[in-house]
Amino acid sequence: MTHKKKTSARNVKRPIPLFKVFMNKDAVKSVGKVLLSGYIGQGQKVNEFENKLTKWLRAKHVLTVNSATSAEHLALHLLKSPSGIWGGLKASDEVLATPLTCTATNWPILANNLKIKWVDVNESNLNIDLEDLERKITPKTKVIMLVHWGGYPVDLDRLNAIREKAYSKHGFKPRVIEDCAHAFGATYKGKKIGNHGNMCTFSFQAIKHMNSVDGGILVVPSKELYRRGKLLRWYGIDREQNTKDFRCEEDIKEWGFKFHMNDVNAAVGIENLKYAGKIISKHRANAEFYNKHLEDIDGIRLHENKKDRQSS
């Protein structure tokens, strides 16, 4: 006869979740309404989400898309227009970029037939090294693609000074695209990232601070870029002119992509956005804890943490 040893509740080994994607419970109800509404494409929920993001970021021109990768591809494509101060990218032009990032940042450069020129990484903050960036600017440098690594903002004032110097030397100021995938809610000089006059992309992919399951936004600094971006994210078709019967009979003046967000993702984003501030505050509290307890340990060097900017 054998006897089974009783296992107490204390001895049961339970897995400790190190990571779980945040999801507002109200998103289930909100998504359910969209799914049963008979309209699940880009509609009123997308418009509502864009309006809420515009207020949250305090940015004027916000375009939702299906991913931050699409946002970056669209941003570069918009710069190809030959008209206006934002135009004129050609296949031989260089984009200065950082290798320390997800491939999503740099693949759109190649997809737009542009040339990547690598810039070193700053050891003190893991962002693009601005000293090396200044050395590598040439007459062919038309775009700077930077990443706010770990949500810690790049020194945008120093970057603008470098661009001004490039203008005086080469007669052209490189455009800037900020990859803000890590930096939702980060601030520089008291203003949220996304409000410093550049094109900015944000990711709402599952593991980000604020997720819509998948999706992203492109923030642009002018009405003209906003107008074109709105058209080109959906084939180049003007959805606002086709709201009566939506037969899409208007002429397409410029071909575009299928980069738009849908109402299902937007419904999730609307509910999760309500908690974005709390989520960011928790991340900042965790960072403060680690900085405090690791600063006096031999062999450990903390990253830069300047007072004029706040990481997300």
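Keep in mind that the numbers below use all heavy atoms, side chains included, and drop hydrogens, waters and symmetry copies. Bear in mind the structure is a predicted one, so any value in this text is a computation, not a measurement.
- A distance of 6.5 Å separates NE2 in His260 from OH in Tyr235, rounded to the nearest 0.5 Å.
- By the salt bridge (charged side-chain N to carboxylate O under 4.0 Å, His left out) test, Glu164 is found to be paired with Lys173, residues two or more places apart in sequence or in another chain being considered.
- Between Ile217 and the choices Leu53, Val65, Thr201, the side-chain contact (heavy atoms from CB on, under 4.5 Å) rule is met once, by Leu53.
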Name every donor-acceptor pair, under 3.5 Å, that has one atom in a side chain of residues 273-281 and the other anywhere in the protein, sequence neighbours excluded.
residue, atom, partner, partner atom, Å
Lys274, NZ, Glu271, OE1, 2.8
Ser281, OG, Gly277, O, 2.9

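- Between Glu304 atom CD and Asn127 atom CG the span is 8.0 Å, to the nearest 0.5 Å.
- In this structure, the side chain to side chain contact (heavy atoms under 4.5 Å, CB included) partners of Gln205, at least two apart in sequence or on a different chain, are Ser203, Ile207, Lys208, Asp214.
- Just one of Leu156, Asp155, Thr187 meets the side-chain contact (heavy atoms from CB on, under 4.5 Å) condition when paired with Arg309; it is Asp155.
- A chain of hydrophobic side-chain contacts below 4.5 Å, direct or via other Ile, Leu, Val, Met, Phe, Trp or Tyr residues, connects Val95 to Trp107.
- The hydrophobic cluster containing Ile40 also includes Met23, Val31, Val34, Leu35, Val213, Val264, Val268, under a criterion of side-chain heavy atoms closer than 4.5 Å among ILVMFWY residues, counted directly or through chains of members.
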Please report, to 0.1 Å, the donor-acceptor pairs under 3.5 Å made by any side chain of residues 287-303, with sequence neighbours excluded.
residue, atom, partner, partner atom, Å
Asn291, ND2, Ala287, O, 3.4

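- Separating the CG atom in Leu74 from the OG1 atom in Thr69 is a distance of 12.5 Å, to the nearest 0.5 Å.
- Residue pairs that meet the side chain to side chain donor-acceptor pair (under 3.5 Å) test with at least one member in residues 16-38, sequence neighbours left out, do not exist here.
- Residues satisfying the side chain to side chain contact (heavy atoms under 4.5 Å, CB included) test with Pro99, not counting sequence neighbours, are Trp118, Val121.
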Quiz prompt | Intermediate values then yes/no, salt bridge (charged side-chain N to carboxylate O under 4.0 Å, His left out), Glu134 and Lys169 | solution = CA-CA 12 Å; Glu134 183 175 1; Lys169 187 175 181 180; over 6 Å; no

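- Residues that satisfy the side chain to side chain contact (heavy atoms under 4.5 Å, CB included) test with Lys117, not counting sequence neighbours, are Glu94, Leu96, Lys136, Thr138.
- Listed by chain and residue number, Asp157 satisfy the salt bridge (charged side-chain N to carboxylate O under 4.0 Å, His left out) test with Lys189 (two or more places apart in sequence, or in another chain).
- Here Lys230 pairs with Glu240 under the salt bridge (charged side-chain N to carboxylate O under 4.0 Å, His left out) rule; sequence neighbours left out.
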Practice problem: Go through the steps to decide whether Ile252 and Ile237 satisfy the test side chain to side chain contact (heavy atoms under 4.5 Å, CB included), and finish with yes or no. | Solution: CA-CA 6 Å; Ile252 298 176; Ile237 298 173; 3.6 Å; yes

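- Tyr152 pairs by the ring-ring contact (aromatic ring centres under 6.0 Å, His included) definition with nothing, not counting sequence neighbours.
- Under the 4.5 Å side-chain heavy-atom criterion for Ile, Leu, Val, Met, Phe, Trp and Tyr, Trp149 and Ile144 are members of distinct hydrophobic clusters.
- Shown here are the ring-ring contact (aromatic ring centres under 6.0 Å, His included) partners of Phe259, two or more places apart in sequence or in another chain: His73, Phe257.
- Looking at every heavy atom in both residues, Ser92 comes nearest to Lys140 through O-CD, 4.1 Å.
- Residues Pro153 and Ala186 share a closest heavy-atom pair of CG-CB, 4.1 Å.
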